[in-house]
Each structure stands twice: as C-alpha cells, then as structure tokens.
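Report on the structure given below.
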Amino acid sequence: MVVAAGSGSRFGGPKHDLTIGGVPLWQRCCDVFRAVGIETVVVVGDVPGGIAGGERRRDSVLAGVEAVPDAEWVLIHDAARPMVTVDLVDRLLAAAIPNDVDGAIPGLKVTDTVKRVQRDRVVETVDRSDLVAVQTPQIFRRSVLLEAHRSAPGLDATDDAGLVELIGGTVAVAAGDPSNIKITYPDDLARAKAIDEERSEEP
Ligand code: C5P
C-alpha cells in the first residue's frame, strides 16, 4: 500500500498533486510495486482510486491493511518517497518472505555524528556504531501488523516497525537506498527531480 494522506504541514501543503517527470509521486510508487509483481496495490489518500486516510499516518496504514483482508504479507510505503526502486523492494522481499521473521525494513548506516540535544545544548554524543536510519517500504505479516496496531492504539508511531517491535515481533533489516529520499520540505522535491534526471541519463 502507498500512504498518501495527511496535510503535509512541514511541506506547506498536501503533496499528492506534486509530480516528478509529469507523474504524481503516489503514481510513481504504484508503478514500481506493479513492476515488482505485487498482487494488489492500494493507495490511501485523496487521489483517483484512493481510499480515505486517517488523522495520523498509522490510521491511514490501518485503513489500507483493512482493505486487503486476504493478504498474507503487506508492504507499506510512503508516497513521499517516490524514488523507491524495484531493486530495493526485491531486497526487502528477500529479507522477509523466505525467513522466520515478522517483517523487514530498509536501513542505512548513520554516518553523521549524532548528539542528544536539550534546549540548544548538547547533553550527549550517541554511539552511532549500531544505528541505522530507516526508510519505507516496510513489509510485515498482515496478522502481526494488525495485532501491533491493536496493542497500542494511542501511540503516534512514525513507522510501522515501531509498533511491531512493541509486541516483540522480529524485524529484519535490508540495505536501504540513499537515493530513496523522503520529500518532507520543498527543497527535497528539487533533490528528487535531480535524482530522476540522473537515473534517466544512466545507460
Ligand atoms: O507526515 P510524514 O511525512 O511522516 O508522512 C509520511 C507519509 O505518510 C506520507 O506519504 C503521507 O502522505 C502519509 N500520511 C498519511 N496519513 C496521515 C499522515 C501521513 O497517509 N494522516
């Protein structure tokens, strides 16, 4: 499923009408999932053919999960990451489906030094050796994801793996893709367009 609802408050407005190469962000994501051969592709959000989203991201995800009652595995992707690739989805499927895990997520090793800050003052330098920055798509067994959502209805989780972790689910990490950037602020759209142009120039 591609989640494309929400107000885009940090971007300065909803992102569902934005395009790259003339194609809406959510549509680009759907095209990749269809190219991978995923059976059913659902879009959550105010887009043609989309189903209604919820107030929080996790509510939109739940609406999408409920729309595919027969699925064994569900793959959840932010429409705000339109540079997702077939290779990344393939890596994720390989990390989850043949293995004894409840899900898999893409992670990138953190290369910046990370500090904990309170009121503009550094309080701690965090050991980054076992930290990864996490992207979407994220894949889970549908039954486990539903149980995770039901277990902590009040938590405003920023990703689905966070909820699955809370119920003790096992989540594998596959190599993320640095070009799978998230469009959060207006400058990010220009970066995504540049990545798209670079890719179209590749032989
Ligand atoms: O707000 P954030 O940048 O974390 O949103 C990530 C993704 O979740 C975006 O693709 C956005 O469209 C989606 N979302 C949603 N429903 C919400 C909030 C966000 O589908 N209520």
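Please read these numbers as outputs of a predicted model, since none were measured by experiment. Indexing begins at 1, ligand by ligand and atom by atom, following the structure's order.
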**Study point:** Atom CD of Glu39 with >12 non-hydrogen neighbours under 6.0 angstrom
**Key:** no
Point to revise | Nearest non-hydrogen partners of Ser179 and Met83, listed with the distance | key: O-CB, 3.2 Å
Exercise for review: Kindly indicate whether the side chain of Trp73, heavy atoms from C-beta on, has any atom under 4.5 Å from the side chain of Arg141.
Suggested key: yes
Check your understanding: Listed by chain and number, what are the side-chain contact (heavy atoms from CB on, under 4.5 Å) partners of Ile38, not counting sequence neighbours?
Key -> Phe33, Val36, Val41, Leu75, Val89
Review point. Among pairs that include at least one residue of residues 89-109, which meet side-chain hydrogen bond (donor to acceptor under 3.5 Å, both in side chains), considering only residues two or more places apart or in two chains?
Key: Asp102-Thr170
Point to revise | Residues forming a side chain to side chain donor-acceptor pair (under 3.5 Å) with Ser200, sequence neighbours excluded | key: none
Check your understanding: At a 4.0 angstrom heavy-atom cut-off, what protein residues surround ligand 1?
Key -> Val3, Ala4, Ala5, Gly6, Arg10, Gly54, Glu55, Arg56, Arg57, Ser60, Asp78, Ala79, Ala80, Lys182
